[in-house]
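Small disclaimer: the values here were computed from a predicted structure and weren't measured. Letters A, B, ... mirror the listed sequences (proteins, then strands); counts begin at 1.
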Amino acid sequence: MLKIYDTLTQSKREFKPMVSGKVSMYVCGITIYDHCHIGHGRTFISFDVIARYLRYKGYDLTYVRNITDIDDKIIARANKNGESSTELAERFTKIMHDDFASLGMLPPDIEPKATESIDEIIEMIEALIEKNFAYQGTNGDVYYHVPVCKDYGKLSKQNIEQLQAGERVEVATDKKNSMDFVLWKMAKPDEPKWSSPWGDGRPGWHIECSAMTKKILGNQFDIHGGGSDLQFPHHENEIAQSEAANECCFANTWIHTGMMQVDREKMSKSLGNFFTIKDVLSKFRAETVRYFLLSSHYRSQLNYSEDNLKSANSGLERFYVALSDLDLANLPEMDRSSDYVKRFETAMDDDFNTPEAIAVLFDVAKAINRSKDNEPTEALKLASVLVGLGEIIGIVQQDPQTFLTQAVGNEEQDNEKIEALIIERNQAREDKNWTKADEIRDKFVEMNIILEDKNGKTTWRRG
RNA sequence: GGCUGGGUGGCAGAGUGGCCAUGCUGCGGACUGCAACUCCGCCUACGCCGGUUCGAUUCCGACCCCAGCCUCCA
């Protein structure tokens with residue numbers, strides 16, 4: 001039985017989709033104007049694993065992840081670069097796709113863009129005005145009037161009075177209430193714009209997600225996710241807009257991921273303490289990064305550090321060392337009734353507990369190592385479990401030798417030279433010239449390469 | 001100030017009212033020409049103070065500390 005922690009009710013609840021066997025999931029993607037950093041990677045890898053596991057459980061999943069491709073920051077950056085906001089957004093969308101793919105993420109089923117949903121956005125704003133949840137200010141901007149929403153704050157457990165008490169000084173606007181937020185913003189000269197009943201302009205932040213969920217998944221759907229920093233105000237405002245406009249409950253389960261930290265501080269653009277996915281991939285293998293991101297629970301904060309990445313790499317090597325020397329080409333089907341599989345599923349059923357699930361994989365690896373020499377059939381069966389379970393979370397899918405010998409990040413790939421030196425050393429060993437053999441091995445150490453003499457064969461891997 | 005989440009062994013990180021987490025590192029042993037890998041074994045834990053209980057790291061209360069949100073944010 002799958003249980004998911006729901007932010008709205010602050011509890012783990014048994015997951016029951018609205019339509020038996022089908023799941024609709026909407027995840028807030030990014031506002032695209034720059035490179036993605038590893039914090040983005042963390043969130044979307046979490047949802048990648050959630051999507052993979054839902055499918056493994058047999059659900060027919062529709063996974064939607066949007067792109068917000070029009071917003072003040074995009075316009076500002078495009079102006080600075082001397083390109084159009086469309087060009088900027090398209091350029092970085094491509095880069096994002098590459099980055100996400102290199103981390104082993106499967107693409108979402110649908111990836112809607114705000115600029116392709118303007119009609120739906122306008123329709124929803126019209127509905128909100130008609131139902132008296134929104135109004136047009138004297139400057140032409142259209143606002144959502146928060147005090148009209150009687151349960152505003154239910155997701156983030158805030159109430160309006162407290163929020164107003166803590167509000168920061170802001171420039172004068174013609175909002176009726178300081179909590180009111182923009183639905184439609186009038187265009188200034190030379191800004192991108194779409195025509196609307198209120199004048200040429202663009203959608204405010206928040207409304208695009210309400211419009212896109214409705215367009216693609218309907219008024220109500222199973223899962224809505226995103227980073228925990230979106231809980232307030234973004235998701236709170238989505239709820240306010242959608243439930244008012246649709247007169248219907250919005251998402252049934254809310255999933256929020258924990259923030260990546262650097263030196264115990266949130267990684268963010270404004271603090272400048274971020275590492276882009278490309279930065280990290282220049283130093284570590286993509287699979288190591290993925291494993292690192294899954295090695296803590298998706299809801300907890302995760303501290304970025306190179307030591308943690310190195311430790312993650314060592315852990316992953318353990319899996320591949322266990323799999324090496326096995327006839328992986330003839331792997332049997334994974335036996336889903338195996339105890340390991342059951343333990344893995346129990347862990348994942350408990351709010352996608354990947355650290356616990358990975359612990360099961362290490363137990364499988366140990367069992368493989370024990371049986372490798374004397375029970376090859378058993379070892380191969382266990383290997384099928386390791387590879388099969390690894391696939392569900394997107395790790396341990398490479399050829400072991402490839403993983404263990406591939407160059408890391410910026411390292412030079414010089415396998416031929418390595419193989420030649422190994423032959424030279426083995427000749428020395430045959431001649432019982434231990435001094436020379438050890439000298440050659442010292443060279444390898446300098447190259448950060450570890451040799452292993454096993455069963456009369458020498459293999460190597462990068463340390 | 002309000003609202004959330006959290007404080008576990010050298011590090012990372014799960015979890016549980018009484019029994020092994022797991023990984024990385026370190027130490028001892030087996031294996032090895034020597035190593036490496038692997039296997040076997042070992043080490044130091046549950047922020048602090050009370051309470052409930054036969055028994056609490058796990059439940060309750062107070063306190064201390066950390067992070068996130070309350071501005072754009074994954």
Side-chain angles (χ1 to χ4, degrees), chain A residues 7 10 27-31 36-47 65 71-73 153 155-159 161-170 179 205 225-234 236 256-261 264-271 274 291-292 295-297 299-303 305 307-319 321-322 324-325 343 347 350 353-363 365-366 368-370 372-373 404 429 432-435 437-438 441-442 444-445 449-455 458-461 463:
Chain A
T7 314
Q10 295 171 287
V27 174
C28 282
I30 68 169
T31 300
C36 288
H37 60 63
I38 195 68
H40 297 114
R42 192 326 219 221
T43 288
F44 299 114
I45 278 192
S46 298
F47 285 105
R65 186 185 68 206
D71 137 291
D72 290 4
K73 281 192 173 172
L155 179 70
S156 53
K157 322 304 171 205
Q158 302 285 342
N159 67 56
E161 293 77 43
Q162 283 166 348
L163 284 167
Q164 285 174 323
E167 101 187 85
R168 302 184 188 195
V169 187
E170 64 177 297
M179 295 302 303
W205 189 38
S228 57
D229 54 352
L230 294 182
Q231 219 172 299
F232 189 91
H234 185 56
E236 199 71 70
H256 289 100
T257 58
M259 293 293 104
M260 183 75 93
Q261 297 186 308
R264 316 216 80 225
E265 217 176 14
K266 180 182 165 185
M267 179 182 292
S268 71
K269 296 237 162 140
S270 46
L271 285 168
F274 61 90
Y291 169 90
F292 164 68
S295 65
S296 78
H297 185 84
R299 276 192 284 118
S300 54
Q301 297 172 133
L302 175 61
N303 196 52
S305 81
D307 282 351
N308 291 160
L309 263 308
K310 282 177 192 156
S311 164
N313 192 252
S314 301
L316 208 47
E317 274 179 3
R318 189 170 164 75
F319 291 135
V321 167
S324 58
D325 306 326
R343 283 174 53 205
D350 182 16
N353 191 336
T354 51
E356 181 92 39
I358 287 172
V360 176
L361 298 191
F362 280 111
D363 287 346
K366 174 158 286 193
I368 291 173
N369 285 329
R370 279 183 187 145
K372 226 172 182 177
D373 291 337
L404 293 170
R429 289 172 71 216
K432 302 239 190 289
N433 187 347
W434 308 127
T435 315
D438 288 348
R441 195 174 55 207
D442 289 344
F444 278 112
V445 171
I449 283 168
I450 296 160
L451 297 184
E452 291 173 17
D453 302 320
K454 232 182 322 188
N455 305 330
T458 300
T459 54
W460 63 279
R461 63 191 170 87

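Only the C1' atoms considered, U53(B) is 46 Å distant from U38(B), to the nearest whole Å. Spacing between A14(B) and G7(B) at atom P, rounded to whole Å, works out to 9 Å. Comparing the P positions of U57(B) and C48(B) gives a spacing of 10 Å, expressed to the nearest Å. G15(B) and G6(B) are spaced 10 Å apart, taking the P atom of each and rounding to whole Å. Remark: the separation of the C1' atoms in A67(B) and C27(B) is 35 Å, to the nearest Å. Comparing the C1' positions of A30(B) and A21(B) gives an interatomic distance of 26 Å, to the nearest angstrom.
Across A74(B), A35(B), A67(B), the shortest atom-to-atom separation from the side chain of Arg264(A) is found for A67(B).
The base of C37(B) has none of its N or O atoms less than 3.5 Å from a complementary donor or acceptor on the side chain of Lys454(A). Side-chain atoms of Arg461(A) and base atoms of C37(B) include no donor and acceptor less than 3.5 Å apart. A donor N or O paired with an acceptor N or O is not found under 3.5 Å between the base of G2(B) and the side-chain atoms of Asn159(A).
Atom-to-atom distance recorded for Leu309(A):CG and Ile38(A):CD1 is 7.5 Å, nearest 0.5 angstrom. Between atom NE2 of residue His297(A) and atom OG1 of residue Thr257(A) there is a gap of 10.5 Å, rounded to the nearest 0.5 Å.
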Report, one pair per line, the protein and nucleotides 3-5 of chain B atoms (nitrogen or oxygen only) whose separation is under 3.5 Å.
residue: C3(B); atom: O2'; partner: Ser156(A); partner atom: O; Å: 3.1
residue: C3(B); atom: O2'; partner: Lys157(A); partner atom: O; Å: 3.1

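Evaluation of Phe44(A) against the base of A74(B) yields no stacking contact (centre distance < 5.5 Å, interplanar angle < 30° required).
In this structure, Asn369(A) reaches the sugar-phosphate backbone alone: every heavy-atom distance under 4.0 Å involves primed, P, OP1 or OP2 atoms, never a base. Among the heavy atoms of the strands lying under 4.0 Å from Leu230(A) are primed sugar atoms or P, OP1, OP2 only; no base atom is included. Within the nucleic acid shown, Asp229(A) comes within 4.0 Å of at least one base atom, counting heavy atoms only. Using a 4.0 Å heavy-atom cutoff across all strands shown, Gly39(A) reaches at least one base atom of the nucleic acid. Counting non-hydrogen atoms under 4.0 angstrom, Gly153(A) reaches nothing in the nucleic acid.
Contact annotation: Lys266(A) reaches the phosphate of C69(B) (side-chain N/O to OP1 or OP2, under 4.0 Å).
For C20(B), the base is syn relative to its sugar; the glycosidic angle is within 90° of 0.
In this structure, Glu236(A) places its CD atom 16 Å from C1' of U71(B), rounding to the nearest Å. In this structure, CD of Gln261(A) is placed 12 Å from P of A12(B), rounded to the nearest angstrom. The nearest whole Å value for the distance from the CG atom in Leu404(A) to the C1' atom in U38(B) is 14 Å. We find that CZ of Arg429(A) is positioned 14 Å from P of A36(B), with the value rounded to whole Å. A straight line from CD1 of Ile30(A) to C1' of C72(B) spans 14 Å, rounded to a whole angstrom. Note: CD1 (Ile449(A)) to C1' (A35(B)) measures 16 Å, nearest angstrom.
In Asn455(A), the CG atom is not crowded: 12 or fewer heavy atoms of neighbouring residues, nucleotides or ligands sit closer than 6.0 Å.
Here Arg441(A) pairs with Asp438(A) in a salt bridge; the nearest charged N to carboxylate O distance falls below 4.0 Å.
Among the duplex regions that RNA chain B forms, those built from at least three successive Watson-Crick or G-U pairs under 3.5 Å are B:1-7 with B:64-70, B:10-12 with B:22-24, B:26-30 with B:38-42, B:49-51 with B:59-61, ordered by first number.
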message = Across nucleotides 15-30 of chain B, 5' to 3', mark each nucleotide with B, S or - according to how protein heavy atoms within less than 4.0 Å reach it.
response = S-----BSSS------
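The two residues Asn353(A) and Pro355(A) have their closest heavy-atom pair at OD1-CD, 3.1 Å.
With sequence neighbours left out, Tyr291(A) forms a ring pair (Phe, Tyr, Trp, His ring centres under 6.0 Å) with no residue at all. For Ser46(A), there are no side-chain hydrogen bond (donor to acceptor under 3.5 Å, both in side chains) partners two or more places apart in sequence or in a different chain. Listed by chain and number, the residues in a ring pair (Phe, Tyr, Trp, His ring centres under 6.0 Å) with Phe292(A) amount to none (sequence neighbours excluded).
Mapping Asp307(A) and Val321(A) onto RNA chain B by nearest heavy atom places Asp307(A) closer to the 5' end of the strand.
Looking at heavy atoms from C-beta onward, Arg65(A) lies out of side-chain contact with Phe47(A) at the 4.5 angstrom threshold.
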